Amino acid sequence: ILNVEQSPQSLHVQEGDSTNFTCSFPSSNFYALHWYRWETAKSPEALFVMTLNGDEKKKGRISATLNTKEGYSYLYIKGSQPEDSATYLCASRMDSSYKLIFGSGTRLLVRP
Amino acid sequence: NAGVTQTPKFRILKIGQSMTLQCTQDMNHNYMYWYRQDPGMGLKLIYYSVGAGITDKGEVPNGYNVSRSTTEDFPLRLELAAPSQTSVYFCASSSFPWDEQYFGPGTRLTVT
């Protein structure tokens with residue numbers, strides 16, 4: 001059974017704070033790691049798809065790193081804004097399976 | 001492009017009733033997926049399809065059926081609704097299995 005764990009479960013920060021959260025996944029047979037941003041009352045939207053150990057991706061103030069050997073990925077948000085408030089999901093894909101296994105998400109609330 | 005569309009947005013079913021959740025995408029994606037999302041849990045894969053005429057089970061297929069007669073449509077059928085099927089259902093699609101997935105707006109289903 002493949003488990004993807006995310007921590008913390010929820011996070012409250014002040015506007016302007018930088019923050020980060022963790023996604024842990026089994027490192028054996030790793031194929032890809034996805035990050036999604038999910039705003040309330042909307043559908044999840046892709047942030048990054050990462051495949052290579054040591055990979056780093058960046059989109060504006062949001063960046064992510066990947067360590068496939070130890071089985072974790074970090075998502076960083078620099079200078080959080082209220083519009084960053086959302087649930088951030090990670091999902092892991094093993095081998096060449098078509099299936100994504102999702103974590104339960106980190107719910108971020110940015111206070112103005 | 002409308003992307004991925006789902007109907008209905010909300011539905012209340014009585015135990016034992018049947019219904020079909022509709023999903024359509026206009027991006028010519030071969031890969032389509034059905035997920036359910038329960039409170040505090042990650043998205044769980046119900047069924048997926050790699051192209052018209054080809055479907056396969058995900059993590060939680062019991063109580064559901066799918067078909068894929070066209071590239072665009074991937075309906076999910078509940079034959080005998082049970083309270084355990086109360087959930088939010090998301091349909092998603094992707095160009096390739098390693099690509100980011102595009103999600104529909106979701107269907108909130110309550111079985112009482």
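For the numbers below, each heavy atom of this structure counts, side chains included, while hydrogens, waters and symmetry mates do not. These numbers come from a predicted model, not from an experiment. Proteins come first, then strands; the chains are lettered A, B, ... in the order of their sequence lines, and each starts at number 1.
Here the closest heavy-atom approach between residue A/H34 and residue B/D99 is recorded as CE1-O, 3.2 Å. Between B/F103 and A/S43, the shortest heavy-atom distance links the atoms O-OG, 3.5 Å. When all heavy atoms of B/G58 and A/K99 are compared, the closest pair comes out as CA-CE, 4.4 Å.
More than 12 non-hydrogen atoms from other residues, nucleotides or ligands lie less than 6.0 angstrom from CZ of A/R61. The 12-atom threshold is exceeded at CD of A/E39, counting heavy atoms of other residues, nucleotides or ligands nearer than 6.0 Å. Other residues, nucleotides and ligands contribute over 12 non-hydrogen atoms within 6.0 Å of the CD atom of B/E79.
A continuous path of Ile, Leu, Val, Met, Phe, Trp and Tyr side chains, each step under 4.5 Å between heavy atoms, connects B/L13 with B/L76, placing both in one hydrophobic cluster. Placement of B/I12 and B/V111 in two distinct hydrophobic clusters is found when ILVMFWY residues are connected by side-chain heavy-atom separations under 4.5 Å, directly or transitively. Residues A/L66 and A/Y31 do not share a hydrophobic cluster, clusters being chains of Ile/Leu/Val/Met/Phe/Trp/Tyr side chains in contact below 4.5 Å. In the hydrophobic cluster analysis, where Ile, Leu, Val, Met, Phe, Trp and Tyr join through side-chain heavy atoms closer than 4.5 angstrom, A/L33 is grouped together with A/I101. Cluster annotation: B/Y89 is connected to B/M19 through the hydrophobic network of ILVMFWY side chains, with a link wherever side-chain heavy atoms come within less than 4.5 Å.
Contact annotation for B/Y102: neither backbone nor side-chain heavy atoms come within less than 4.5 Å of a heavy atom of chain A. Only the side chain of B/Y31 comes within contact range of chain A, judged by heavy atoms closer than 4.5 Å. With a 4.5 angstrom heavy-atom cutoff, A/F48 does not touch chain B via any of its atoms. In this structure, chain A has a heavy atom under 4.5 Å from the backbone of B/K57, while its side chain stays farther away. Heavy atoms of B/V50 lying under 4.5 Å from chain A belong exclusively to its side chain.
Between the side chain of A/Y36 and the main chain of B/Q101, a donor-acceptor pair closer than 3.5 Å is present.
Atoms CG and CH2, on B/L43 and A/W38 in that order, are 5.0 Å from each other to the nearest 0.5 Å. Note that CD of B/Q37 and OG1 of A/T87 are 8.5 Å apart. Values are rounded to the nearest 0.5 Å.
Your options are A/A91, A/G103, A/A41, A/A32, and the one with the most heavy-atom pairs under 4.5 Å with chain B is A/G103.
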Between A/F102 and B/Y35, does the side-chain contact (heavy atoms from CB on, under 4.5 Å) criterion hold? Intermediate values first, please. CA-CA 10 Å; A/F102 280 84; B/Y35 295 93; 3.6 Å; yes
